[in-house]
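Okay, structure first, notes after.
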Amino acid sequence: MREHDDDRSGRAHAMARRRVLGIGGALGLMAVTGLSTSAALARRPPFTGAELRSAVPLPPAFQVSLPLPSVLAPVSTSGGADRYEITQREATAEILPGVRTPLWTYEGAFPGPTIESRRGRPITVTHRNELPVPTVVHLHGGRTPAPSDGYPTDLVLPEGWPDAHVTHTGPGGPGHGMHDPRAVLTRLTRDYTFPLDQRPALLWYHDHRMDFTAPAIWRGLAGLHIVRDDAEDSLGLPAGRRELPLMIADRAFAADGSLDYPALDPALRRRPGVREAYLAGVLGDVILVNGAPWPVHEVDAARYRLRILNASNARHYELEAVSDDGRLLDLVQIGADQGLLTAPVTHRLLPIAPAERYDVIIDFKGVPVGSRVRLLNRLGSGRTREVMAFRIARRASDDSRIPRTLSTDLPIWRRSDAVRVRDFSFRAGQMHGGHGWLIGGEPFDPARTDVTTHLGDVEIWRLVADVHHPIHLHLVGFRVLSRSGRPPLPHDAGLKDTVSLRPAESVEIITRFDGYRGRYLFHCHNAEHEDMGMMANIEII
């Protein structure tokens, strides 16, 4: 990691240096992942990771109905704030037809229940941990005070868990423990307070326990949180049953119906990490949408609003909507991670990396009744090419619209506003005698401050990757300024909190560190990379 004053005159030299760093990282990764030079660099492989194959028969696509997560009711709405309660517990569910699968859940369901809230109306969520391991909850995309942001060592300990066992072994295995003197532990329950002083957007909440985020999310600890406001409600966008939240995630199933995952410690108690073949990321061979395999959903011949989240650990998607007669439908993007765009952007192909969200309108009006529109993944092969389908059930009236102007409150930050520019490399490396994933050549250490900034400072960050790294900043949204010295891509529009770095690519982002003081994170949201060292601390003072 490197910080300096804005050096526009030296930008060409810095760009060349960053490309060399990216190439070196990718070459070093070949020994870990088996990627060849051409695959890692010239061809830019469509994914980073290795795929698990399920050991149970898989159902045909587009036979299971799309489930819609339940909306959680508050237990209290007094005093100008809403209070919710969520129990984290083990449950079983029929994900594959006729097969029972054990899960770790929020309120017994995967995905967990959706929380719907209003901009500027605070909420408190009390989480009760009845799982066999410690947990942490992070509201991804939330503008959250540091004590409630879900720092990875701020554990909620289950009943009977000894305090002596909370020291983290680290990705190098036992004997490389890291102690966090600032960790705040609670037993059984914890209150997370979210002011929600932020733009309306699709957020999501998930486990963020240090070293074990990836297997915890894989086992089911993820749910949606939608923030709304009056301005968005007045736009006339598709609403009600024509607004569909879609959590896309890949999984694999063992012979006994359980979720297969290559953890070194299947109990997820002491030793973090995955088997060596999966160090670059764990991919499943079953595509789930809202917890159902390749589902189908009946729709009217009308506009629908799709609130799409990629909740996969490591899988990237390029989504396209294809009718039965082979016609590509427009995917009209109206929002990004942090809410509405200024104006719509039309795509035929929409890439989405882990943890990214896209708010998309699709119009089924011209599709014949009785036919289908399939949502496909151009980066998949075989069964992972299919995602879900929509069956056009009936003609219907439609008074929704897509305004030319969607919002007027997007922040405008200019390069000249930045008080500093920082460089960060994201690449594979050695840590504690084993393979890991590093930021600026360093593995994560909760006791080390990597970045210090002042509340209100505007900064430009220049990020460079060896292979795919979806980079997420806690607390703040950002704008994408460039990709490898060229303009941003169409899907980079709007305010984001996660940006997809492709192999050997550099990306510039700009943000303002406002909201709250305290300790926050930035990290790769390939969850296996995150667990194996690819996180860093930001201290906002």
Side-chain angles (χ1 to χ4, degrees), residues 72 74-76 81-91 102-110 112-113 115 122-140 142 144-170 174 176-195 204-223 225 263 265-272 444-447 474 516 518-521 527 530-531 535 537:
L72 189 65
V75 296
S76 170
D82 299 329
R83 175 176 285 275
Y84 296 86
E85 295 178 351
I86 291 178
T87 299
Q88 305 167 8
R89 60 183 176 87
E90 296 178 285
L103 297 167
W104 289 0
T105 73
Y106 297 117
E107 285 295 300
F110 171 65
I115 296 176
I123 73 168
T124 296
V125 185
T126 300
H127 277 266
R128 179 182 178 88
N129 181 11
E130 295 185 357
L131 294 168
V133 300
T135 60
V136 176
V137 180
H138 170 55
L139 178 58
H140 183 120
T144 305
S148 291
D149 189 56
Y151 193 81
T153 57
D154 289 347
L155 303 174
V156 182
L157 306 179
E159 197 68 52
W161 187 275
D163 291 352
H165 288 176
V166 300
T167 299
H168 299 275
T169 58
H176 298 286
M178 289 181 284
H179 176 66
D180 181 8
R182 297 170 64 177
V184 178
L185 308 180
T186 60
R187 190 168 294 278
L188 198 57
T189 65
R190 185 183 183 102
D191 287 350
Y192 294 88
T193 298
F194 306 117
W204 65 301
Y205 61 99
H206 62 79
D207 192 73
H208 214 310
R209 175 189 171 202
M210 183 169 158
D211 299 338
F212 293 96
T213 294
I217 293 176
W218 189 272
R219 292 190 183 189
L221 292 180
H225 186 134
D265 173 10
L268 309 187
R269 296 180 65 87
R270 294 292 193 89
R271 187 181 182 190
F444 180 59
D445 183 346
H474 286 215
Y516 306 97
R519 179 173 64 161
Y520 292 90
L521 290 170
E530 173 185 344
D531 281 350
M535 294 195 295
N537 284 312

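Values below: every heavy atom of this structure, side chains too, minus hydrogens, waters and symmetry copies.
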Task: Closest approach of Pro195 to Pro145 (non-hydrogen atoms, all atoms of both residues) - done: CD-CD, 3.4 Å
Open item on the list: Just verifying a value: how many Å separate Phe194 CZ and Tyr205 OH, rounded to the nearest 0.5 Å?
Closed with: 10.0 Å
Open item on the list: When you compare the side chain of Thr213 with that of His208, does any pair of heavy atoms fall below 4.5 Å?
Closed with: yes
Task: Closest non-hydrogen atom pair between Leu268 and Pro215, with its separation - done: CD1-CB, 3.6 Å
Open item on the list: Over 60° means perpendicular and under 30° means parallel, so tell me whether Tyr151 and Phe444 are parallel, tilted or perpendicular.
Closed with: tilted
Task: Side chain proximity check, Leu103 to Glu90, heavy atoms < 4.5 angstrom - done: no
Open item on the list: Within the structure provided, determine whether Leu185 and Pro134 are in side-chain contact (heavy-atom separation under 4.5 Å).
Closed with: no
Task: His140-His225 aromatic ring centre distance below 6.0 Å - done: no
Open item on the list: Under a 3.5 Å threshold, yes or no: a donor from one side chain and an acceptor from the other, between Asp191 and Thr126?
Closed with: yes
Task: Nearest-0.5 Å distance, CD of residue Glu85 to OG1 of residue Thr124 - done: 11.0 Å
Open item on the list: Any heavy-atom pair between the side chains of Trp104 and Pro132 that's under 4.5 Å?
Closed with: yes
Task: Heavy-atom side-chain contact between Arg190 and Val184 under 4.5 Å - done: yes
Task: N/O donor-acceptor pair under 3.5 Å between Asn129 side chain and Leu157 backbone - done: no
Open item on the list: Using 0.5 Å steps for rounding, measure from the CD atom of Glu530 to the CG atom of Asp211.
Closed with: 10.0 Å
Open item on the list: Test your reading of the model: is there a side-chain donor-acceptor pair from Ser148 to the backbone of Thr144, 3.5 Å cut-off?
Closed with: no
TODO: Evaluate the side-chain proximity of Phe212 to Arg269: yes if any heavy-atom separation is below 4.5 Å, no if none is.
DONE: no
Task: Test item: Glu107 and Pro113 side chains (from C-beta on) under 4.5 Å apart, heavy atoms - done: yes
Open item on the list: Tell me the closest heavy-atom pair linking Asp149 and His138, and the distance in Å.
Closed with: O-ND1, 2.8 Å
TODO: Enter the distance from Asp154:CG to Thr186:OG1 here, rounded to the nearest 0.5 Å.
DONE: 8.5 Å
- [ ] Decide yes or no on salt bridge (Lys or Arg N to Asp or Glu O under 4.0 Å) for Glu130 and Arg128, but give the supporting numbers first.
- [x] CA-CA 6 Å; Glu130 295 185 357; Arg128 179 182 178 88; 2.8 Å; yes
Open item on the list: Testing the 3.5 Å rule here: is there a donor-acceptor pair between the side chains of Tyr106 and Asp207?
Closed with: no
TODO: Rounded to the nearest 0.5 Å, what's the gap from CD1 on Ile86 to OG1 on Thr189? Could you check?
DONE: 13.5 Å
Open item on the list: Once rounded to the nearest 0.5 Å, what's the spacing between atom CG of Asp445 and atom NE2 of His179?
Closed with: 11.0 Å
Task: Derivation of the salt bridge (Lys or Arg N to Asp or Glu O under 4.0 Å) call for Arg519 and Asp180 - done: CA-CA 12 Å; Arg519 179 173 64 161; Asp180 181 8; 3.0 Å; yes
Open item on the list: Is there a side-chain contact (heavy atoms from CB on, under 4.5 Å) between Leu131 and Leu221? Walk through the geometry before answering.
Closed with: CA-CA 11 Å; Leu131 294 168; Leu221 292 180; 3.8 Å; yes
- [ ] Kindly say whether the aromatic ring centers of His127 and Tyr192 come within a distance under 6.0 Å.
- [x] yes
Task: Pair Thr135, Gln88: side-chain N/O donor-acceptor within cut-off below 3.5 Å - done: yes
Open item on the list: Would you say that Ile123 contacts Ile115 through its side chain, given a criterion of any heavy-atom pair below 4.5 Å between the two side chains?
Closed with: yes
- [ ] Determine the minimum heavy-atom distance between Val136 and Pro152, stating which atoms define it.
- [x] CG2-O, 3.7 Å
- [ ] Please report the closest heavy-atom contact between Thr153 and Met210, naming both atoms and the distance.
- [x] CG2-SD, 3.7 Å
